[in-house]
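Atoms within a ligand are numbered from 1 in the order they appear, just like the ligands themselves. Note that these values count all heavy atoms, side chains included, but never hydrogens, waters or copies made by symmetry.
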Amino acid sequence: MLEWDCQLQSDIGPSSTQLNFRCIHSYARFLSSLFIRYCWKQRLPTALDAHESCLHSMATSRNSAEAWIPGLLSTQQTTLLLFLSVLVAVHLSQCILRRCRRLPGAGCSPPGPFQWPLIGNAVEVGNNPHLSFTRLARRYGDVFQIRLGNCPVVVLNGERAIRQALVQQGSTFASRPPFPSFHVVSNGRSLAFSKYSEIWKMQRRVAHGTVRAFSTGHVRSRRVLEQHVLSEARELVRLLVQGSAGGAFLNPGPLAVVAVANVMSAVCFGCRYSHSDEEFRELLSHNERFGRTVGAGSLVDVLPWLQRFPNPVRTAYRDFQKINHDFYSFVLDKFLKHRSSLKPGAPPRDMMDAFIHTVGKEEESTGKTTSGLRLDTDYVPATVTDIFGASQDTLSTALQWLLILFTRYPEVQAQVQEELDRVVGRDRLPCLDDQPHLPYVMAFLYEAMRFSSFVPVTIPHATTVDTSIMGYHIPKDTVVFVNQWSVNHDPVKWQNPEDFNPARFLDNKGFIDKDMASGVMIFSVGKRRCIGEELSKVQLFLFIAILAHQCNFLANPDEDRKMNFSYGLTIKPQSFTINVTLRESMELLDNTVQRLQTEDNQ
Ligand code: HEM
């Protein structure tokens, strides 16, 4: 049984701690040990000394007592004491100012835990912010306030508060904080990390329209997408089975990353890469480090002083800059090649061509838009970088979750296979048209998304004006974290939310309960809602339906059922191994892929 509890969540490997709170914890310990050593050398009284001096007060000599009299402190000691006093005074006055700086009649600030000087609530938030936030919400309510370093943050939990903010006050909560790391993504023109503005609205409209046109918008685009997934699913099955030969167990993670990245590469750039292409694998191997920097609770942006001297956070930030530069350069190269080979008037070959067409048309047009703004060509590689990056990271994480859940819940795997065999049969592969007739497969997908909540907290939001939520005043430019996990694990909404139970999404006639399904929150809501939701659901359905139709998946009995995860923007299962065998042979997969390719060439 795969349990979702705090114990399991805390089983994070050491690699995930670099940017997160364990690091500040040890850093704080390091600072305090320095301080104690300094006190010991200088004979400043520490708490330990005070305790000792209390115990031995009767025996203390007059000379040593004199050593603690402030008048006898050295210049260094006085400076240190003064520094600490100023720090405490500044912190207290900030707290008081924050409470006083409210609009008349605007309500009070959200409640929250005590905020420590310098680091705020970084330690309490810990390695798994979604769990800490859910715990804090139990104490302070669904809307509460913390501080990370210098930065006050309002945290929203539960469906009511989140919808009240992101849907009912859509544009008020639609911005992003001006974090330095956000400007590094997609050469500073990121759709996902830019603040709410007229140009962002235009970029999002173009991106959303193009993604739809190349995925689910037309019968033809759905068919092409389906073909891409089928080709990659075949290659994935071949490699999984090959790696499992003789009863071996293999880590499906790297293969899943290349498989979904290849689908998106085909959609965006019209090409795919071999699983053994080292350069492509290297490019895709940084998802975890990317997510750790931009995910809620990252310290990079809220403790700017950590950039001034060597420490793990600074190293990771420089690493992050390089990763983004490499990723953007990869897409920029594709953009330049597409632009130079694009024939005027020819239909777009892929998503990159479509963006070049749309933005080019805007540049040519003499009429101004209502806002007087236009997207320039630099937005093309930036937007495609966002789409390619966002999709391969999230979809590969999702695919790994689906495989783990198959192996941890073999009875669910068997039920998915039974439905596929009954509805699709064994003579052909499942396709998109089968989706409405496969409620259990869909229930499995919804439950996997709810249970894993693998994007537990959205990308940080920011407010555009002063506002209030559930009676609490929230000033303009406040950073807002949205805890999706709390919605998906709310015991009022879901019976036994910690159980993995796909049947909860079926009504008494065995159909998908649409209200239940729409209650899962993983693509966020409101103006910043994910633009890849439809594309993701189609891809995940096809991958898992084809894989389950063709293969059996087995957990490694030597591995602990309690699994380790790494937390960033997504929750990623840390390496696990499985054994994959064919239910019959590769014949059906090979023949179907070949037939579709022949039809395409005619
Ligand atoms: C299962 C897969 C996916 C999940 C769970 C997911 C989830 C999310 C979430 C939670 C956000 C942040 C929303 C917010 O800040 O409120 C987001 C944003 C975004 N996603 Fe996805 N996503 C997935 C797949 C994709 C795909 C396939 C694409 C590409 C087509 C994509 C493109 C984007 C973009 C461009 C944004 C930024 C939107 C904005 O800031 O306006 N995502 N996604």
Visitor: Can you list the atoms of ligand 1 that are under 4.0 Å from a heavy atom of Gln484?
Guide: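 Every atom of ligand 1 under 4.0 Å from some heavy atom of Gln484: 10 (C).
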Visitor: Examine distances only and state if a side-chain atom of Asn488 and a backbone atom of Val520 form a donor-acceptor pair shorter than 3.5 Å.
Guide: no
Visitor: Do we get Arg189 above Tyr379's six-membered ring, with its NZ or CZ under 6.0 Å from the centre and within 45° of the axis?
Guide: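 Arg189 over Tyr379 ring: yes.
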Visitor: Mark up the atoms of ligand 1 that fall under 4.0 Å of a heavy atom belonging to Leu191, in ascending order.
Guide: 35 (C), 40 (O)
Visitor: So, do Phe406 and Phe444 have ring centers that fall under 6.0 Å from each other?
Guide: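 Yes, the ring of Phe406 comes within the 6.0 Å limit of the ring of Phe444, centre to centre.
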Visitor: As a test of understanding, state which of Lys476, Gln169, His473 forms a side-chain hydrogen bond (donor to acceptor under 3.5 Å, both in side chains) with Thr467.
Guide: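 Of all the options given, the one that passes is Gln169.
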Visitor: Does the separation of the ring centres of Trp494 and Phe451 fall below 6.0 angstrom?
Guide: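 Centroid distance Trp494-Phe451: not below 6.0 Å, so no.
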Visitor: Give the atom numbers and elements of ligand 1 that come within less than 4.0 Å of a heavy atom of Ser524.
Guide: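 Atoms satisfying the 4.0 Å criterion: 13 (C), 14 (C), 16 (O).
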Visitor: What protein heavy atom is closest to atom 37 (C) of ligand 1, reported as residue, atom name and distance in Å?
Guide: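 Checking every protein heavy atom, the shortest distance to atom 37 (C) of ligand 1 gives Ala192 CB, 3.4 Å.
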Visitor: For Gln203, is there any backbone N or O sitting under 3.5 Å from a side-chain donor or acceptor partner on Thr383?
Guide: no
Visitor: Got the closest protein heavy atom to atom 10 (C) of ligand 1, with its distance?
Guide: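 So the nearest neighbour among protein heavy atoms is Ile522 O, 3.3 Å.
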Visitor: For atom 11 (C) of ligand 1, which candidate among Ser215, Cys530, Ala448 provides the closest heavy atom?
Guide: Cys530
Visitor: Can you tell me if Ile387 has a non-hydrogen atom under 4.0 Å from ligand 1?
Guide: yes
Visitor: Could you tell me which non-hydrogen atom of Ser190 sits nearest to which non-hydrogen atom of Asp386, and how far apart they are?
Guide: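 That would be OG-OD2, 2.8 Å.
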Visitor: So is Phe454 in contact with ligand 1, going by heavy-atom distances below 4.0 Å?
Guide: yes
Visitor: Are the side chains of Phe320 and Ser181 in contact, using a 4.5 Å heavy-atom criterion?
Guide: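 Yes - at least one pair of side-chain heavy atoms lies under 4.5 Å apart.
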Visitor: Would you please test Asp277 and Arg281 for salt bridge (Lys or Arg N to Asp or Glu O under 4.0 Å) and show each step?
Guide: CA-CA 6 Å; Asp277 186 318; Arg281 282 166 55 147; over 6 Å; no
Visitor: Can you confirm whether Glu279 sits close enough to Phe330 that some side-chain heavy atom of one is under 4.5 Å from a side-chain heavy atom of the other?
Guide: no
Visitor: For Ser215 and Glu534, run side-chain hydrogen bond (donor to acceptor under 3.5 Å, both in side chains): C-alpha distance rounded to whole Å, both residues' side-chain angles, the deciding distance at 0.1 Å, then the answer.
Guide: CA-CA 8 Å; Ser215 51; Glu534 289 307 312; over 6 Å; no
Visitor: What part of Glu533, side chain, backbone, both or neither, has a heavy atom within less than 4.0 angstrom of ligand 1?
Guide: neither
Visitor: Ignoring angles and geometry beyond distance, decide whether Arg529 reaches within less than 3.5 Å of ligand 1 through its nitrogen or oxygen atoms.
Guide: no
Visitor: Considering non-hydrogen atoms of the protein only, which is the closest contact for atom 23 (C) of ligand 1, and what is the distance?
Guide: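 Scanning the protein heavy atoms, the shortest distance from atom 23 (C) of ligand 1 goes to Thr394 OG1, 3.4 Å.
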Visitor: Is it true that Asp393 and Lys572 have a side-chain N and a carboxylate O under 4.0 angstrom from each other?
Guide: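 Result for this pair is yes, salt bridge flagged.
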Visitor: Report the member of Ser391, Ser190, Gly526, Ser453 with the shortest heavy-atom distance to atom 27 (C) of ligand 1.
Guide: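 When every heavy atom of Ser391, Ser190, Gly526, Ser453 is considered, Ser391 comes closest to atom 27 (C) of ligand 1.
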Visitor: How close does the nearest protein non-hydrogen atom get to atom 32 (C) of ligand 1, and which residue and atom is it?
Guide: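 Looking at atom 32 (C) of ligand 1, the protein heavy atom closest to it is Ala390 CB, 3.6 Å.
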Visitor: Backbone or side chain, does any N or O of His461 fall under 3.5 Å from an N or O of ligand 1?
Guide: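 Yes - when backbone and side-chain N and O of His461 are compared with those of ligand 1, one distance drops under 3.5 Å.
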Visitor: Compute the minimum heavy-atom distance from Phe193 to ligand 1 and say whether it is under 4.0 Å.
Guide: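 No; Phe193 lies far enough from ligand 1 that no heavy-atom distance drops under 4.0 Å.
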Visitor: In this structure, does ligand 1 have an atom that sits under 4.0 Å from one of the heavy atoms of Met449?
Guide: no
Visitor: Could you pull out, from Val455, Ile531, Leu395, the option with a heavy atom nearest to atom 34 (C) of ligand 1?
Guide: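 Looking at heavy atoms only, Ile531 sits closest to atom 34 (C) of ligand 1.
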Visitor: Which bit of Phe173 is near ligand 1, meaning a heavy atom under 4.0 Å away: side chain, backbone, both or neither?
Guide: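 Neither; no heavy atom under 4.0 Å.
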Visitor: Give the atoms of ligand 1, by number and element, whose distance to some non-hydrogen atom of Arg204 is under 4.0 Å.
Guide: 38 (C), 39 (C), 41 (O)
Visitor: Considering only non-hydrogen protein atoms, determine which one is nearest to atom 28 (C) of ligand 1 and report residue, atom name and distance to 0.1 Å.
Guide: Gly532 CA, 3.7 Å
Visitor: Given that the side chain starts at C-beta and the backbone is N, CA, C, O, which of these parts of Arg176 lies under 4.0 Å from ligand 1, counting heavy atoms, or is it both or neither?
Guide: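 Answer for Arg176: side chain.
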Visitor: Inspect the contact between Arg222 and Glu226 and indicate whether a charged nitrogen and a carboxylate oxygen are less than 4.0 angstrom apart.
Guide: no
Visitor: Just distances here: any N/O of Arg528 and N/O of ligand 1 closer than 3.5 Å?
Guide: yes
